[in-house]
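To start, the structure under review is shown below, and the notes come after it.
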Amino acid sequence: MKTGPLPTLADNKLVRMVEISRVLNSTTNLDQLLNTIINEAADLINTEAASILLLDPKTRQLHFKASSNDIPAQMADMPVSLDDSIAGAIFTENRLLHIPDVTKDGRWNQNVDEAIEFKTKSILGVPMHNVDQEPVGVLEAINKQGGVFTKQDAAMLTVLADIAGVAVEKARLFEQLEVANAELNELDQIKTNFISIASHELRTPLAVILGYVSFLREEADPAMAGQFDSVLDAAVHLRGLIQDMLNLQYVDAGQKAEQSIVDLTELVTNMNLDKDETMEAKSQQITISLPNSPLKAKVDANMLEVVISNLMSNAVKFTPREGAIEVTLEVNGREAWLTIADSGVGIPQDQVDRIFKRFYQVESALVRQHEGMGLGLSIAKDLVELNNGRIWAENRSAQGSQFIVAFNIVD
Ligand code: ADP
């Protein structure tokens, strides 16, 4: 704010200023915002016209951005130099200027008047500041009607310019944010297209490899069979990765959940979560606790199975040999909670939400010890949300982490 006490504004004007401030703060469209400012300035101060000039940081010239004269094109294209103009002086000296008669001021330039057939007589101008109190433009009130500019006019214009300066900066930042956001969306779309093309292109040759290797494995003598098994394992693993990519694409394509009333107890039982080759190979212990009675929710059963297998494969992957995995299905209020807990590496506390983002992995890809593309959790989250559920991760107090999926119970 400016130094020195401001003269008291008449009450109705104060109310009006508060309202202007509210409007300016709620508008993010720069043109609309500037027009509001000049119209209010001309009205409150009772002048024939008002203009806003903003600094172009590249050329360091001022440009008319709004005027109650409806800013004709030739005015918009007419840069105003900082060095020999009244607006330039207000900007560079960073202070209010009152010019009662422009014809007596050496800095006065009548090009604009001539271009728009207007006659400027007097000017009251103030710098507009950003939040750091740096000047960003100039607000000018032109030709006081029926008298001369008063101290109260100066006070009002100063307040208005300060509100406007901050609002202009906010609107500019908002515009920059929108551009950045559009760029990000475009990049995201490119990435999604790439995944879509890659997954489809990989699927066909992989099917050929799987088919021939299975056939050769059948025909091979026992000495060779083990080697074919390794090829087959690798190909099956690759198929899992491609399936993740395809799942992602289905979610992006707006796949609808085919919901029905599903007994979650039965669904989990039928998944045979205790029969997992990797888990057995790592000698991990699994405990499955289910309710004694059916627990029903309205979900797409296939989607929920994908969610559970993604969470299970992570639990197995991020838990060392002989670790423990606990699967619990229970009632919590009006919801069914499925918890998959492990005694594994855990998740850094500041990343428990971020791991649900696409391609996000806690370990950097360069030093990564675990396989995967960072898609499983983002797919799980999308699928759970498509079914109106919630999913989140927590660290366990002892060791490891747990993932909870919650759905409303239906009777
Ligand atoms: P991926 O497992 O393919 O890396 P996910 O989306 O399934 O991708 O998981 C993202 C990241 O979240 C993992 O890379 C890992 O850092 C972390 N994470 C997921 N599940 C667990 C878990 N059970 N324990 C520890 N960290 C986990």
Side-chain angles (χ1 to χ4, degrees), residues 188 191-192 194-195 198-199 202 233-234 236-252 268 271 273-274 276-289 303-329 337-386 389-406:
D188 199 52
K191 191 180 70 187
T192 306
F194 170 75
I195 294 171
S199 53
L202 291 173
D233 282 352
V236 167
H237 177 64
L238 202 54
R239 188 175 58 187
L241 295 177
I242 294 171
Q243 191 55 47
D244 268 357
M245 292 158 83
L246 286 169
N247 283 341
L248 188 73
Q249 191 198 331
Y250 293 141
V251 173
D252 280 345
V268 175
M271 283 186 75
L273 299 179
D274 49 346
D276 180 281
E277 280 179 19
T278 321
M279 195 165 67
E280 279 162 21
K282 289 176 89 174
S283 308
Q284 292 166 338
Q285 295 298 318
I286 181 164
T287 321
I288 304 177
S289 315
M303 287 186 177
L304 186 54
E305 282 178 11
V306 172
V307 172
I308 297 174
S309 32
N310 285 1
L311 295 180
M312 279 301 294
S313 74
N314 278 346
V316 172
K317 185 160 63 174
F318 294 104
T319 301
R321 287 184 62 79
E322 294 177 2
I325 294 170
E326 289 162 34
V327 179
T328 313
L329 177 65
W337 282 26
L338 176 71
T339 306
I340 296 180
D342 61 59
S343 62
V345 297
I347 304 157
Q349 195 52 40
D350 61 341
Q351 300 183 29
V352 286
D353 293 326
R354 242 188 286 171
I355 52 171
F356 289 94
K357 297 223 169 351
R358 285 182 184 183
F359 299 108
Y360 190 82
Q361 300 180 317
V362 172
E363 291 173 305
S364 122
L366 296 176
V367 297
R368 205 168 155 72
Q369 296 176 1
H370 301 99
E371 291 170 336
M373 288 192 297
L375 286 178
L377 287 182
S378 83
I379 292 168
K381 187 168 196 293
D382 286 341
L383 296 180
V384 167
E385 287 174 358
L386 271 178
R390 304 190 314 285
I391 179 169
W392 68 97
E394 292 170 355
N395 278 309
R396 300 172 84 196
S397 49
Q399 203 195 350
S401 52
Q402 58 188 21
F403 289 78
I404 298 135
V405 183

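Just follow the structure's listing: the first ligand is 1, and inside any ligand the first atom is 1.
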Can an N or O of Asn314 be found at a distance shorter than 3.5 Å from an N or O of ligand 1?
yes

In ligand 1, the atoms that come under 4.0 Å of a heavy atom of Val345 are 25 (C)

Any N or O of Phe403 closer than 3.5 Å to N or O of ligand 1:
no

Between Ser199 and Leu246 (side chain of the first, backbone of the second, donor and acceptor by atom type, cut-off under 3.5 Å), is there such a pair?
no

For Thr319 and Val316, indicate whether the former's side chain and the latter's backbone hold a donor-acceptor pair under 3.5 Å.
no

Examine distances only and state if a side-chain atom of Gln351 and a backbone atom of Val362 form a donor-acceptor pair shorter than 3.5 Å.
no

Of the listed options (Ile347, Asn310, Leu241), which comes nearest to atom 26 (N) of ligand 1 when hydrogens are ignored and any heavy atom counts?
Ile347

Any atoms of ligand 1 less than 4.0 Å from a non-hydrogen atom of Lys317? List them with their elements.
1 (P), 2 (O), 3 (O)

Mind checking whether Leu375 has a heavy atom under 4.0 Å from ligand 1?
yes

Note: Met373, heavy atoms under 4.0 Å from ligand 1, region reported as backbone

Output yes when the distance from some N or O of ligand 1 to some N or O of Tyr360 is under 3.5 Å, and no in every other case.
no

Between ligand 1 and Phe318, is the shortest N or O to N or O distance under 3.5 Å?
no

side-chain contact (heavy atoms from CB on, under 4.5 Å) evaluation trace for Phe403 with Ile355
CA-CA 11 Å; Phe403 289 78; Ile355 52 171; 3.8 Å; yes

Kindly say whether Asp342 contributes a backbone atom to a donor-acceptor pair with the side chain of Arg396 at under 3.5 angstrom?
yes

Which atoms of ligand 1 sit under 4.0 Å from any heavy atom of Gly372?
3 (O)

Does Arg358 have a non-hydrogen atom less than 4.0 Å from ligand 1?
no

Measuring from non-hydrogen atoms of Phe356 to any atom of ligand 1, is the shortest distance under 4.0 Å?
no

Applying salt bridge (charged side-chain N to carboxylate O under 4.0 Å, His left out), name anything that partners Asp233, two or more places apart in sequence or on another chain.
none

Min N/O separation Ser378 to ligand 1 under 3.5 Å:
no

When rounded to the nearest 0.5 angstrom, what is the spacing between CD1 in Ile286 and CE in Met279?
4.0 Å

Tell me whether Phe194 at atom CZ has more than 12 heavy atoms from other residues, nucleotides or ligands lying less than 6.0 Å away.
no

Below 4.0 angstrom from a heavy atom of Ile355, which ligand 1 atoms are there? Numbered from 1 as shown, please.
10 (C), 12 (O), 17 (C)

Is there a polar contact, in the sense of an N or O pair closer than 3.5 Å, between Gly376 and ligand 1?
yes

Value rounded to 0.5 Å, distance of OG in Ser313 from CD1 in Ile308:
12.5 Å

Tell me whether Ser401 reaches ligand 1 (any heavy atom closer than 4.0 angstrom to a ligand atom).
yes

Pairs satisfying salt bridge (charged side-chain N to carboxylate O under 4.0 Å, His left out), at least one member in residues 372-386, at least two apart:
Arg358-Asp382, Lys381-Glu385

